[in-house]
Amino acid sequence: MPKNIHVFETRDVNYLKPYVDKAKSLGFNITITNNTQLENNQFYKEFISVYKHYSVNPPAFEIACFARYFAIASILKNDEPFLLTDTDVFITKSFRNLQGHDFKGSFVGSEGFDERGSEGQIAPHCTVWNRELLLDFIHYTIDTYKRNQESDFLESYSQSQTKRLGHTGVSDMNFIYLWIQSNNIPYINSNSTKFAFGIDHNISSLVCADDEFKSFTNRKYLKIKGDRITCLLKSGQEQNMDLLHFQGLYKSILKDFYEGRYTKFGYFTLKNDYRRKRNIRKARRKSV
């Protein structure tokens, strides 16, 4: 029954305050960590000493993604379940319903899918943990990079992921997926119509575990009525959303969305889709 939210943020982002304010208004206790919790963190120092980079993203970015787990683990005082979220999320009033649900010690995460199936990644933008699970993941991460020093097996894994997904790399999302499989972690996929709550994997992602979302110019189609947001699935089912993940370019419109500027959000969507199509046309002309 998670009532506590932990986030890790080192940037000055304009969407942090509206998220924190709304989470508090819904009865959540929200704690923000940053690099301060890493200064004398022995587990984090050990991780840095064995980390090897396999990603199209800069090393600093991937390391920061891993850093959140070490920072949050260092301040946990008990084994109560908690939510770990990114800051680029929009929550509706119905998000408070997670407080009353018992996840029975299971890890909850959002697994990415495309038309071919699982992407082999689990995003941490809205995940449910307890202290035992988080420490187990930290130890798994360190031990995996230590083993990698001997045989560099993550290089071949990175190549297989690149062949599967294209522009990608080895990240904490891959490690969460591998950790669940390796350590037989009890796991609930939130990116499924069977999950009791509407947790969006990515506003630009249309495929979930067992269905596909209807789209509007390359993002999920959203039906907005006050604080209620509904997505439509191709099966005919409707899904009320408790959380939307404004990943990538959509971060820049999140504050406006919190402030109810939905017309501006719609215009942003159209402009973003126009740029995407224009870039595709340019790429095709160059390849001819």
Side-chain angles (χ1 to χ4, degrees), residues 1-9 23 27-51 62-87 89 95-112 118 120-148 170-192 194-197 199 242-243:
M1 291 175 280
K3 195 172 181 178
N4 296 317
I5 298 176
H6 288 271
V7 300
F8 178 82
E9 186 59 84
F28 287 98
N29 306 311
I30 189 160
T31 302
I32 302 171
T33 50
N34 52 40
N35 289 333
T36 303
Q37 286 76 30
L38 302 173
E39 291 175 358
N40 297 305
N41 191 310
Q42 294 305 313
F43 285 144
Y44 180 68
K45 288 181 179 179
E46 188 174 9
F47 161 73
I48 291 297
S49 71
V50 295
Y51 174 78
E62 297 295 0
I63 289 172
C65 290
F66 279 106
R68 73 184 99 186
Y69 309 104
F70 297 89
I72 292 168
S74 71
I75 64 170
L76 294 178
K77 304 298 182 185
N78 55 52
D79 292 322
E80 293 179 3
F82 65 91
L83 287 159
L84 187 161
T85 77
D86 286 351
T87 55
V89 295
F95 189 68
R96 65 162 64 109
N97 295 333
L98 274 76
Q99 296 177 23
H101 191 82
D102 185 0
F103 293 101
K104 302 185 185 303
S106 297
F107 171 81
V108 179
S110 185
E111 187 170 347
S118 175
Q121 299 176 329
I122 295 176
H125 62 278
C126 182
T127 44
V128 179
W129 303 77
N130 57 37
R131 188 171 181 269
E132 181 181 0
L133 286 171
L134 188 56
L135 289 175
D136 193 68
F137 175 64
I138 284 173
H139 293 314
Y140 171 81
T141 298
I142 293 172
D143 289 345
T144 300
Y145 275 114
K146 281 183 177 179
R147 288 189 292 108
N148 186 63
V170 178
S171 68
D172 61 319
M173 297 188 295
N174 299 98
F175 266 66
I176 292 175
Y177 182 87
L178 295 171
W179 164 64
I180 286 170
Q181 292 187 324
S182 175
N183 290 12
N184 296 315
I185 302 300
Y187 164 57
I188 299 171
N189 176 26
S190 60
N191 191 22
S192 166
K194 297 179 177 65
F195 188 62
F197 308 94
I199 303 297
D242 302 312
L243 176 145

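Side chains are part of it too, since the values below use all heavy atoms of this structure and drop only hydrogens, waters and symmetry mates.
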Handout entry: Listed partners of Phe66 passing ring-ring contact (aromatic ring centres under 6.0 Å, His included), at least two apart
Key = Phe47, Phe175
Practice task
Verify the distance criterion only: is there a donor paired with an acceptor across the side chains of Ser171 and Gln121 at less than 3.5 Å?
Solution key: no
Practice task
Taking the side chain as every heavy atom from C-beta outward, state whether Phe137 and Pro124 have any pair of such atoms under 4.5 Å apart.
Solution key: no
Problem - Sidechain-backbone polar pair: Asn189 side chain, Glu111 backbone, donor-acceptor under 3.5 Å - result: yes
Problem - More than 12 heavy atoms of other groups within 6.0 Å of Tyr51 OH - result: yes
Exercise for the section: Compare all side-chain heavy atoms of Tyr187 with those of Ile122 and state whether any distance is below 4.5 angstrom. Expected result: yes
Handout entry: Val108 and Phe197, any side-chain heavy atoms less than 4.5 Å apart
Key = no
Practice task
Please collect all salt bridge (Lys or Arg N to Asp or Glu O under 4.0 Å) contacts where either partner lies in residues 65-80, sequence neighbours excluded, each pair once.
Solution key: Arg68-Asp86, Arg68-Asp172
Problem - Closest non-hydrogen atom pair, Ser118 against Gly120 - result: OG-N, 3.1 Å
Handout entry: Pairs where residues 27-36 contributes a residue and the test salt bridge (Lys or Arg N to Asp or Glu O under 4.0 Å) is met, not counting sequence neighbours
Key = none
Problem - Ser49 side, atom OG; Lys146 side, atom NZ - distance, nearest 0.5 Å - result: 7.5 Å
Practice task
State which residues pass side-chain contact (heavy atoms from CB on, under 4.5 Å) with Ile48; sequence neighbours excluded, sorted by chain then number.
Solution key: Tyr44, Ile63
Handout entry: Heavy-atom closest pair, residues Ala73 and Ile138
Key = CB-CD1, 3.6 Å
In a table with atom names and distances, give each donor-acceptor pair under 3.5 Å that connects a side chain of residues 100-107 to protein atoms at least two apart or in another chain.
residue	atom	partner	partner atom	Å
Asp102	OD1	Lys104	N	2.9
Ser106	OG	Phe103	O	3.3

Completion exercise
For Lys45, the salt bridge (Lys or Arg N to Asp or Glu O under 4.0 Å) test, sequence neighbours excluded, returns none
Completion exercise
dist Glu39:CD -> Ser74:OG (nearest 0.5 Å) comes out at 10.5 Å
Exercise for the section: Return the set of residues passing salt bridge (Lys or Arg N to Asp or Glu O under 4.0 Å) with Lys3 (not counting sequence neighbours), or none when no residue passes. Expected result: none
Practice task
Taking Asn191 for its side chain and Gly112 for its backbone only, find out whether a donor-acceptor pair lies under 3.5 Å.
Solution key: no
Handout entry: Close side-chain approach of Tyr69 and Ile176, heavy atoms under 4.5 Å
Key = yes
Exercise for the section: Look at the side chain of Thr127 and the backbone N and O of Leu84, then say whether any donor-acceptor pair between them is shorter than 3.5 Å. Expected result: yes
Handout entry: Residue of the set Ile5, Ile72, Val128 for which side chain to side chain contact (heavy atoms under 4.5 Å, CB included) holds with Phe82
Key = Ile72
Handout entry: Partner set under side-chain contact (heavy atoms from CB on, under 4.5 Å) for Thr87, not counting sequence neighbours
Key = Val7, Glu9, Arg11, Val13, Tyr15, Leu16
Fill in the blank from the handout: Quick note, side chain to side chain donor-acceptor pair (under 3.5 Å) partners involving residues 130-142, not counting sequence neighbours, are Asp136-Trp179, Asp136-Asn183
Practice task
Scan residues 175-192 for pairs that pass salt bridge (Lys or Arg N to Asp or Glu O under 4.0 Å), counting only residues two or more places apart or in two chains.
Solution key: none
Handout entry: Those residues that, when tested against Glu62, pass salt bridge (Lys or Arg N to Asp or Glu O under 4.0 Å) (two or more places apart)
Key = none
Problem - Phe28 versus Leu83, closest heavy-atom pair with distance - result: CE2-CD1, 3.8 Å
Practice task
Would you please name every residue forming a side-chain contact (heavy atoms from CB on, under 4.5 Å) with Ala71, sequence neighbours left out?
Solution key: Phe8, Thr33, Gln37, Leu38
